[in-house]
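What follows is a single structure, written as C-alpha cells, with notes after it.
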Amino acid sequence: MDPTLDAEEVRVLGSLLEKEITTPEYYPLSLNALLNACNQKSNRDPIVHFDEETLERALYTLREKGLLVSITGAGSRVPKYSHRISEKLNLGRRELAILCELMVRGPQTLGELRTRAERMHPFGDLAEVESVLEHMPELVTKLPRRPGEKEARYANLLSGEPPVSASAPSSDITQFEPSPQPSRIGALEAEIAQLRGELEDLKRQFAEFQKQFE
C-alpha cells in the first residue's frame, strides 16, 4: 500500500475492521468506542494505551490517505468512524480476516491465524490460510524462522518491511531458549483470548446502551 502506515494507523484500521466483522450492529464506531477497541487487552499484540490526542491524529492522517471517513447526522449525536481499507485494497472476506489478525496481533503462524481468524471467517485447513496469504504478496510477508521455532510466521506490510526484531533473534538469545508450546495448548490459549475479546465487546456494548438513557 502506498503510502505506508505507521503503527498507530494500523492499529486504528485493524480495530475498525475487526469490529465491523464481529459486531456489525455497533459499527461504525464512535471516538470512545474506537479508543476502547484500540486499547483493549484481549486479541491485541502489542497492548497499547492510546489517548484521545493520539487517536485523533491517526484519524486525521487516515482520512488524508483516503482510508477512513467520519459519519455525522442520520440520528447520531456524535461523529462515527468507518474504514475504507476493503474498498481501497479490493479484498474479499477471507483476505480481510487474515489481514485484520495480522494488523491487531502482529506476526503469527498459519495455525495461529486459522484459530484466531475463526471468529471472522472459518478456514477449512492450514492450506487454505496459506493460499490466502500467497494471494496477498504486496500486503503480507513470510518471516525467517527464529532459533527454536518449528513454524514460520507471517507479518503485514502495511508499515513497510517488519523491523529486524520481528524476524530475527536478538544477540542475547541463547541456546537455552524454550521451545514452542504444543499446538494444542496454543489453540486453547487462542480460544481463551477470543472468549475474553467477546466479553470485552459485550461490556462495551452494554456501556454504550446505558449511555442512551443518561
Side-chain angles (χ1 to χ4, degrees), residues 1-24 26-71 79-109 112-113 116-117 119-121 129 132-144 152-168 197:
M1 179 188 295
D2 186 25
T4 56
L5 309 176
D6 61 29
E8 289 77 15
E9 292 171 329
V10 171
R11 175 56 60 89
V12 170
L13 282 180
S15 299
L16 284 169
L17 180 55
E18 178 194 59
K19 300 308 178 185
E20 179 193 27
I21 298 173
T22 60
T23 57
Y26 295 100
Y27 183 84
L29 301 184
S30 65
L31 184 70
N32 185 61
L34 180 52
L35 186 62
N36 290 335
C38 291
N39 291 343
Q40 72 181 52
K41 294 180 173 59
S42 61
N43 299 324
R44 298 288 183 270
D45 188 12
I47 294 173
V48 300
H49 303 283
F50 290 176
D51 54 23
E52 286 194 8
E53 181 180 352
T54 299
L55 178 56
E56 288 176 343
R57 182 169 57 249
L59 292 173
Y60 174 80
T61 55
L62 286 171
R63 278 195 296 263
E64 291 293 301
K65 295 174 182 178
L67 292 169
L68 178 140
V69 295
S70 58
I71 302 170
K80 294 191 174 182
Y81 301 92
S82 173
H83 73 83
R84 286 293 177 266
I85 191 169
S86 54
E87 294 92 336
K88 193 82 170 180
L89 300 177
N90 192 28
L91 298 177
R93 187 68 177 257
R94 297 190 311 165
E95 289 79 8
L96 288 174
I98 293 296
L99 185 61
C100 179
E101 280 299 324
L102 292 175
M103 292 171 74
V104 299
R105 298 187 70 153
Q108 298 168 68
T109 65
E112 289 171 334
L113 285 170
R116 294 167 176 174
R119 60 202 173 101
M120 292 184 282
H121 182 86
V129 177
V132 171
L133 289 164
E134 290 175 349
H135 282 83
M136 297 191 292
E138 297 180 356
L139 298 174
V140 300
T141 185
K142 187 175 183 179
L143 301 176
R153 298 176 304 151
Y154 294 80
N156 77 77
L157 293 172
L158 299 178
S159 296
E161 289 292 334
V164 175
S165 59
S167 58

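Along the sequence shown, the residues carry numbers beginning at 1. When reading the values below, keep in mind they use all heavy atoms of this one structure, side chains included, and skip hydrogens, waters and symmetry mates.
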For [X] versus [Y], what's the shortest heavy-atom pair and its separation?
| X | Y | answer |
| --- | --- | --- |
| Lys80 | Pro28 | CD-O, 3.5 Å |
| Ser159 | Leu5 | OG-O, 2.7 Å |
| Thr109 | Glu112 | N-OE1, 2.9 Å |
| Val10 | Met103 | O-CE, 3.5 Å |
| Val12 | Phe50 | CG2-CE1, 4.4 Å |
| Tyr27 | Ser82 | OH-OG, 3.0 Å |

For this session: Using atom types as modelled and distance alone, determine if a side-chain donor or acceptor of Arg84 lies under 3.5 Å from a backbone N or O of Gly66.
Result: no
Problem set entry | Expected output: side-chain Gln108 to main-chain Gly106 donor-acceptor under 3.5 Å | yes
For [X], is the [atom1] atom crowded, meaning more than 12 foreign heavy atoms sit under 6.0 Å from it?
| X | atom1 | value |
| --- | --- | --- |
| Glu87 | CD | yes |
| Glu53 | CD | no |
| Asn90 | CG | no |

Nearest 0.5 Å, what's the [atom1]-[atom2] distance between [X] and [Y]?
| X | Y | atom1 | atom2 | result |
| --- | --- | --- | --- | --- |
| Arg116 | Asn43 | CZ | CG | 8.5 Å |
| Leu89 | Leu139 | CG | CG | 5.5 Å |
| Thr4 | Glu161 | OG1 | CD | 11.0 Å |
| Asn156 | Leu13 | CG | CG | 10.5 Å |
| Leu16 | Leu62 | CG | CG | 8.5 Å |
| Leu17 | His83 | CG | NE2 | 4.5 Å |

Problem set entry | Listed partners of His121 passing ring-ring contact (aromatic ring centres under 6.0 Å, His included), at least two apart | Phe123
Exercise. Do Leu59 and Leu31 come close enough that some side-chain heavy atom pair is under 4.5 Å?
Worked result: yes
Exercise. Within a strict 4.5 Å, meaning less than it, do heavy atoms of the Thr54 and Val48 side chains meet?
Worked result: no
For this session: With Ser15 as reference, evaluate Leu55, Leu35, Leu34 under the side-chain contact (heavy atoms from CB on, under 4.5 Å) test and give the passing residue.
Result: Leu34
Exercise. Just one of Arg44, Arg119, Arg94 clears the salt bridge (Lys or Arg N to Asp or Glu O under 4.0 Å) bar with Glu101, so which one?
Worked result: Arg119
For this session: Just do the side-chain hydrogen bond (donor to acceptor under 3.5 Å, both in side chains) check on Glu9 and Thr61 with the steps written out, would you?
Result: CA-CA 8 Å; Glu9 292 171 329; Thr61 55; 2.6 Å; yes
